[in-house]
Amino acid sequence: MLNKPAASQRSLRPVSADPQCEEAILTSLDSLITPAERFYIRSHFSQVPRLDGRTWKLTVGGEVRRPLTLSLADLKTMPAVEQAATLECAGNSRSYVKPPVEGLAFLHGAVSTGWWKGVPLAQVLAQAGLKDTAKEVVFQGADHGREEEHGEAVELSYERSLPVGKAMQPDTLLAYQMNGEDLTPEHGYPVRLVTPGWYAMASVKWLTSIRVDSQPFDGFFQGRRYVMINEGPEHRIQREPVTLLRVKSLFTSPRHGEVVQLGRFNLHGVAWSGAGPVVKVEVSFNGGRHWRQARLVGEDHPNAWRRWELDWRVAEPGHFILMVRATDAAGNTQPKNIPWNFRGYANNAIHAIAVEVPG
Ligand SMILES: Nc1nc2c(c(=O)[nH]1)N[C@H]1C(S)=C(S)[C@@H](COP(=O)(O)O)O[C@H]1N2
Ligand SMILES: [Mo]
């Protein structure tokens, strides 16, 4: 008989084989930093670029006074920053959007937190010298392939932009390490952008070029993807770019469907927001009629999720629906359902799980 690993040892759930996309199992997200083997993967094209760190070059051009070509060794001689930052895919929790939407069917596991080391992008842009005309910074990855645009196949590479203001924030990094090691090929070796506080489509992997532009950028992954296509008043379509992470929380224990014994149970999970620190996490045991405040625990890092816990005195048998919701310092809280948008982006609806307590 084949010696298959037990279900509990499998650390990622396959979502798509080609391109390679795998999501985290919620019970394995129970720490500030997510180990690489449990960190979700979202790539758009078939081939994961296999770049050689010894020959890799990053070019910086466009609206700059001194165009640059940097090697990995050049970057590593510059002053580095280390920080925890949570990445969440804009398509996370898409499977729960109603009515159903197009796109990879992620459950809740397209989110993870890394410990990133790299050079602030602002330092590199300062070295290149931004011209007064600089507005947008466009990042290109080494990966490319086909996408369908207006019904026709087009050949594209992965490109995204940031407004100069976001690009110049000191925590926007050209990262070359995750969790104390070189980036793995799947996560963008040798260098990726880490754009804290934004959905992770903005954290471009396998970076090869940075181009400063005087115009807003309108590439495929900027203008056709990662825009909220909403139905506005009087059926007018409204488009707005996906940017800041919406406030969100998840249970990491118990898992949905778990059988919990009478006695005490330590409920726990994670909560984050791109609009400010999480200030409150609450749990409901009765479908949202009453809420009990959980404790925020563990380390508090400005760009990472916060862990939370709550002791549950399990006093009676039954079938329970547990819900968790977070509130951030800007006063945002999680809705019961999000307004539908065409690709089901940014679903931060309250996480609900079913738990059985046998008699
Ligand atoms: N070059 C490149 N960068 C990319 C992508 C990609 O397909 N190609 N996917 C983006 C998306 S949509 C997400 S959610 C994150 C995923 O990062 P991870 O695979 O390290 O978790 O990378 C982003 N950066
Ligand atoms: Mo994503």
Side-chain angles (χ1 to χ4, degrees), residues 11-16 18-24 28-29 33-51 56 58 85-95 101-116 118 138-147 156-162 172-179 181-210 219-222 224-228 241-243 245-246 274 305 343-347:
S11 46
L12 287 167
R13 188 183 84 91
V15 177
S16 154
D18 180 6
Q20 184 190 1
C21 298
E22 299 175 18
E23 70 175 301
S28 79
L29 293 180
I33 302 301
T34 311
E37 65 278 6
R38 301 183 195 167
F39 200 109
Y40 85 96
I41 299 168
R42 196 323 181 202
S43 299
H44 285 79
F45 298 117
S46 295
Q47 299 285 326
V48 168
R50 300 276 159 173
L51 302 177
W56 173 87
L58 175 66
T86 296
L87 298 189
E88 183 187 12
C89 181
N92 194 26
S93 311
R94 179 184 277 131
S95 304
V101 283
E102 252 291 297
L104 287 181
F106 287 113
L107 307 178
H108 293 301
V111 59
S112 301
T113 299
W115 182 260
W116 308 98
V138 184
F139 304 89
Q140 185 176 40
D143 51 333
H144 53 88
R146 276 165 182 274
E147 287 283 347
L156 300 162
S157 58
Y158 191 85
E159 283 187 298
R160 285 278 314 178
S161 78
L162 292 176
T172 301
L173 297 189
L174 299 173
Y176 50 77
Q177 271 193 9
M178 179 173 115
N179 303 351
E181 314 257 6
D182 287 351
L183 298 181
T184 61
E186 294 76 17
H187 294 299
Y189 181 84
V191 176
R192 78 177 300 167
L193 192 63
V194 171
T195 306
W198 282 35
Y199 283 100
M201 71 280 147
S203 291
V204 178
K205 303 193 277 189
W206 311 292
L207 258 190
T208 55
S209 102
I210 299 177
F220 182 84
F221 295 103
Q222 195 84 20
R224 254 67 76 227
R225 292 290 183 274
Y226 306 110
V227 281
M228 295 277 195
V242 173
T243 58
L245 289 168
R246 288 178 172 170
W305 58 28
R343 289 194 185 273
Y345 291 134
N347 182 9

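Order of listing sets the numbers, starting from 1, for every ligand and every atom in it. These numbers come from a predicted model, not from an experiment.
Shortest contact from atom 14 (S) of ligand 1 to any protein heavy atom: Y40 OH, 3.2 Å. Nearest protein heavy-atom contact of atom 2 (C) of ligand 1 is Y158 CD2, 3.3 Å. Nearest protein heavy-atom contact of atom 16 (C) of ligand 1 is R42 O, 3.6 Å. Among protein heavy atoms, the minimum distance from atom 8 (N) of ligand 1 is reached at D143 OD2, 2.6 Å.
The minimum heavy-atom distance linking N92 with L107 is given by the pair OD1-O, 3.1 Å. Nearest heavy atoms, P241 versus V227: CA-CG1, 4.1 Å.
Using a 4.0 Å cut-off to heavy atoms of S43, the atoms of ligand 1 that qualify are 7 (O). Applying the 4.0 Å criterion to heavy atoms of I41 picks out, from ligand 1, the atoms 19 (O). Using a 4.0 Å cut-off to heavy atoms of F39, the atoms of ligand 1 that qualify are 21 (O). For ligand 1, the atoms closer than 4.0 angstrom to any heavy atom of V204 are 1 (N), 3 (N), 24 (N). In the vicinity of H44, heavy-atom distances shorter than 4.0 Å reach the ligand 1 atoms 5 (C), 6 (C), 7 (O), 9 (N), 12 (S). Near S203, meaning under 4.0 Å from any of its heavy atoms, are these atoms of ligand 1: 22 (O), 23 (C), 24 (N).
No side-chain heavy atom of F221 sits less than 4.5 Å from a side-chain heavy atom of E159. Proximity of S112 to R38: side-chain heavy atoms (C-beta onward) are nowhere separated by under 4.5 Å. With contacts defined as side-chain heavy-atom distances shorter than 4.5 Å, the pair D182/Y176 does not qualify. Looking at L87 and F39, their side chains come closer than 4.5 Å, going by heavy atoms from C-beta outward. Residues E88 and W305 form no side-chain contact, since every pair of their non-hydrogen atoms from C-beta on lies 4.5 Å or further apart.
Within the 4.0 Å heavy-atom cutoff, R192 counts among the residues contacting ligand 1. Contact annotation: F45 has no heavy atom less than 4.0 Å from any atom of ligand 1.
The nearest non-hydrogen atom to atom 23 (C) of ligand 1, considering only A202, C89, A200, comes from A200.
When each of H144, H44, Q140 is checked for a side-chain hydrogen bond (donor to acceptor under 3.5 Å, both in side chains) with S157, only Q140 meets the rule.
The distance criterion of under 3.5 Å between nitrogen or oxygen atoms is not met by E88 with respect to ligand 1. Residue-to-ligand polar distances place K205 within reach of ligand 1: an N/O pair is separated by less than 3.5 Å.
Not one N or O on the side chain of Y345 forms a donor-acceptor pair closer than 3.5 Å with the backbone of R225. With W116 contributing its side chain and A85 its backbone, the two residues share a donor-acceptor pair below 3.5 Å.
T172 and T195 share no donor-acceptor pair across their side chains, judged by distance under 3.5 Å alone.
Residue contacts with ligand 1, taken as heavy atom pairs separated by less than 4.0 Å, do not involve A90 at all. Contacts between Y226 and ligand 1, counted as non-hydrogen atom pairs separated by less than 4.0 Å, involve the side chain only.
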